[in-house]
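Written below as structure tokens is the structure these notes are about.
For ligands, and for the atoms within them, numbers begin at 1 and follow the listed sequence. These numbers come from a predicted model, not from an experiment.
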Amino acid sequence: MDRLIDSHPNQDMRLDGLSYLVRSFGCQMNRHDSERVAGMLDVLGATPVEAVEDADIVVYMTCCVREAADIRAYGQIASLKNMPSPHGRRYVCMGGCIAQRDREGLFKELPNLDVVFGTHNIHAFPALLAHAMETDASQIEILEASTSFSSDLPSHREMDWHAWVPISIGCTNFCTYCVVPYVRGREKSRPFEDIMRELVQLERQGVKEVTFLGQNVNSYGRDLYGKPRFADILKAAGDFDIPRIRFATSHPKDLSHETIQAMASVESVMPQLHLAVQSGSNRILKAMNRPYTIEHYLGLIDEVRQVVGDIALSTDIIVGFPGETQDDFEQTMELCRKVGYSQAFTFIYSRRQGTPAASMPDDTPREVIQERFDRLVELIQETAHAANQAEKGTVQRILVDGPSRRDPNIIAGRSPKNQMVHAPLPEGWCMESLKGSFLDIQIDEARTWYLQGRVIDAI
Ligand code: SAH
Ligand code: SF4
């Protein structure tokens, strides 16, 4: 195994004739980083393919937030060992949070790995790959902190019309269950001018939707002498010809009145807010090191509904945090009923080594946690369905993603509230040319996870 010292991209390397696949696990930041890895491979001449079997170069952008994602990544990489590749030799590469955490130890578990890079040095990937190809020896480089934002790298976007725009990286909140601060580093805000420069480019490229990314977008700028703040980014984004602006994730302790005002006043900011609550019990929130109360959270929800108006609310919830009692859990259920979430990402607590919660007493039986989890999922289905029902009879302007997963003749797109909308493709229309365009849909039916309707107009 070689350790690469000089990580300047190898200018001579070409990958023409070789194929690649980038597999992304976990959060939206990984999806953004995956687009950059794909972008660099495009520039070098490699061709994207859909199936691992067809790929000469496979890159896994891994996640270790929960154990399940961890196991899946290890399993998938190990399973490549005996799989033939199109040109005889497959290069197996790993980036993302598992790579950052497990480092050299990975080569022992996964001897078929050729390249390992971390969360702070995506730019080094082409050079590492070139060295691996030249020397036939595994390459690894892990840095302890980021010196630049990967947004300056070339990008191969999943959808031409949508761009992830990181405004900060890392996290300094240290929720007691979470590994993110350890594998993504401390929070670092991206300079405002750089964000604006990227928006200029995206506007020029005709991008229709931008999602600002950060583990906690609301604390943007705290490390930049406090100005500008997140509300200033939203206001500035409103001046661009980019019709839809979204953002994730919001932390209840930092969501400010200014940001809520900006959500209301900037027309292109979509009526959608993901405000992770994690638990409905103040006692558990304290143990999680989430410094807000449910009363404060509900106050924010009221303010958002008053100031912004009709809006889709979504959240993240952990069930079975160490010491969670039945009463704590019932408070989570109560909160969900009160808020009426359109969507919630629900997780069973996963013990992560090295985090403070990993050493907290945890004696709730697995079946009890599973039962709580199932009840919560059922409740969220009810609140999501109710939120969708309210759209019946309305007209929704959707941004078209393409065909639905099940039927090539069903158009799938997103409403302003980010609800999935389905409508039959009108006769004689071409699905391909609709991608990334706006359509008005009359909503006739509301299902739990999507709305159904028909096209009334093309914009
Ligand atoms: N920064 C974002 C979330 C990043 S991780 C935020 O704070 O909102 C995405 C979600 O994974 C978290 O919101 C949490 O609900 C969940 N999560 C994180 N660590 C977890 C763990 N150890 N077990 C179960 N779920 C976890
Ligand atoms: Fe993890 Fe908490 Fe940071 Fe979110 S805010 S990434 S849950 S430590």
Counting non-hydrogen protein atoms only, what is the nearest one to [atom]? Give residue, atom name and distance.
| atom | answer |
| --- | --- |
| atom 9 (C) of ligand 1 | D316 OD2, 3.7 Å |
| atom 17 (N) of ligand 1 | R66 NH1, 3.5 Å |
| atom 14 (C) of ligand 1 | Q278 OE1, 3.5 Å |
| atom 8 (O) of ligand 1 | T249 CG2, 2.9 Å |
| atom 7 (S) of ligand 2 | Y177 OH, 3.4 Å |
| atom 2 (Fe) of ligand 2 | C175 SG, 2.3 Å |
| atom 19 (N) of ligand 1 | Y177 CD1, 3.3 Å |
| atom 4 (C) of ligand 1 | Q215 OE1, 3.4 Å |
| atom 5 (S) of ligand 2 | N173 ND2, 3.4 Å |

Check ligand 1 against [X] and write out every atom of the ligand that is under 4.0 Å from a heavy-atom position of the residue.
| X | value |
| --- | --- |
| Y349 | 23 (N), 24 (C) |
| A276 | 8 (O) |
| R352 | 22 (N) |
| S350 | 21 (C), 22 (N), 23 (N), 24 (C) |

Determine, using heavy atoms of [X] and all atoms of ligand 1, whether some pair is separated by less than 4.0 Å.
| X | value |
| --- | --- |
| H251 | no |
| I348 | yes |
| R290 | yes |
| V65 | yes |
| N216 | no |

Of the side chain and backbone of I318, name the one, both, or neither that has a heavy atom under 4.0 Å from an atom of ligand 1.
->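 For I318, the contact with ligand 1 is made by the side chain alone.
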
For ligand 1, indicate whether the residue R351 contacts it via side chain, backbone, both or neither (heavy-atom separation under 4.0 Å).
->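 It is neither part, as no heavy atom is under 4.0 Å.
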
Option nearest atom 4 (Fe) of ligand 2 (shortest heavy-atom distance, choices R184, H251, R290) =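 Answer by nearest heavy atom: R290.
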
Do you see a donor-acceptor pair shorter than 3.5 Å between the side chains of [X] and [Y]?
| X | Y | result |
| --- | --- | --- |
| D374 | Q370 | yes |
| Y349 | R351 | no |
| E330 | Q326 | yes |

Determine the interplanar angle of the F117 and F125 rings, folded into 0 to 90°, and report it as parallel if under 30°, tilted if 30 to 60°, perpendicular if over 60°.
->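 Geometry flag for F125 against F117: tilted rings.
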
Parallel, tilted or perpendicular, as decided by the 30° and 60° cut-offs, for the rings of W164 and H162 =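 Rings of H162 and W164: perpendicular, over 60°.
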
CG-NZ distance between D223 and K188, expressed to the nearest 0.5 angstrom |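 Going from the CG atom of D223 to the NZ atom of K188 covers 8.5 Å.
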
When you check the gap from the basic side-chain N to the acidic O, do R375 and E382 get nearer than 4.0 Å?
->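 No, R375 and E382 are not salt-bridged.
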
Could you tell me whether D254 and R222 make a salt bridge, using a distance below 4.0 angstrom between a side-chain N and a carboxylate O?
->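 Salt bridge present between D254 and R222.
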
Can you check whether F321 and F329 have ring centres sitting under 6.0 Å from each other?
->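 No, the ring centres sit 6.0 Å or more apart.
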
Does the gap between the ring centers of F247 and H274 come in under 6.0 Å?
->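 No, too far apart.
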
Of the options R184, R186, R103, which is the one that meets E144 in a salt bridge (Lys or Arg N to Asp or Glu O under 4.0 Å)?
->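 So, applying the salt bridge (Lys or Arg N to Asp or Glu O under 4.0 Å) to E144 and each of R184, R186, R103, only R103 qualifies.
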
[X] neighbourhood, listing ligand 2 atoms whose heavy-atom distance to it stays under 4.0 Å:
| X | value |
| --- | --- |
| C178 | 1 (Fe), 6 (S), 7 (S), 8 (S) |
| P181 | 8 (S) |
| F174 | 8 (S) |

With distance as the sole test, does R229 use its side chain to make a donor-acceptor pair with the main-chain N or O of S256 at under 3.5 Å?
->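 No: the side chain of R229 does not pair with the backbone of S256.
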
Mark yes or no for whether Q28, through its side chain, and A248, through its backbone, hold a donor-acceptor pair below 3.5 Å.
->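 Between the backbone of A248 and the side chain of Q28 there is no qualifying donor-acceptor contact (under 3.5 Å).
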
Using 2.8 Å as a strict upper limit, say whether an N, O or S atom of C171 approaches atom 3 (Fe) of ligand 2 that closely.
->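 Of the N, O and S atoms in C171, at least one lies under 2.8 Å from atom 3 (Fe) of ligand 2, which means yes.
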
Among H422, K392, E445, R447, which residue meets the side chain to side chain donor-acceptor pair (under 3.5 Å) test with Q452?
->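 Exactly one candidate clears the test, R447.
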
Do L21 and V59 have side-chain heavy atoms sitting under 4.5 Å apart?
->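 The answer is no; the side chains never approach within 4.5 Å.
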
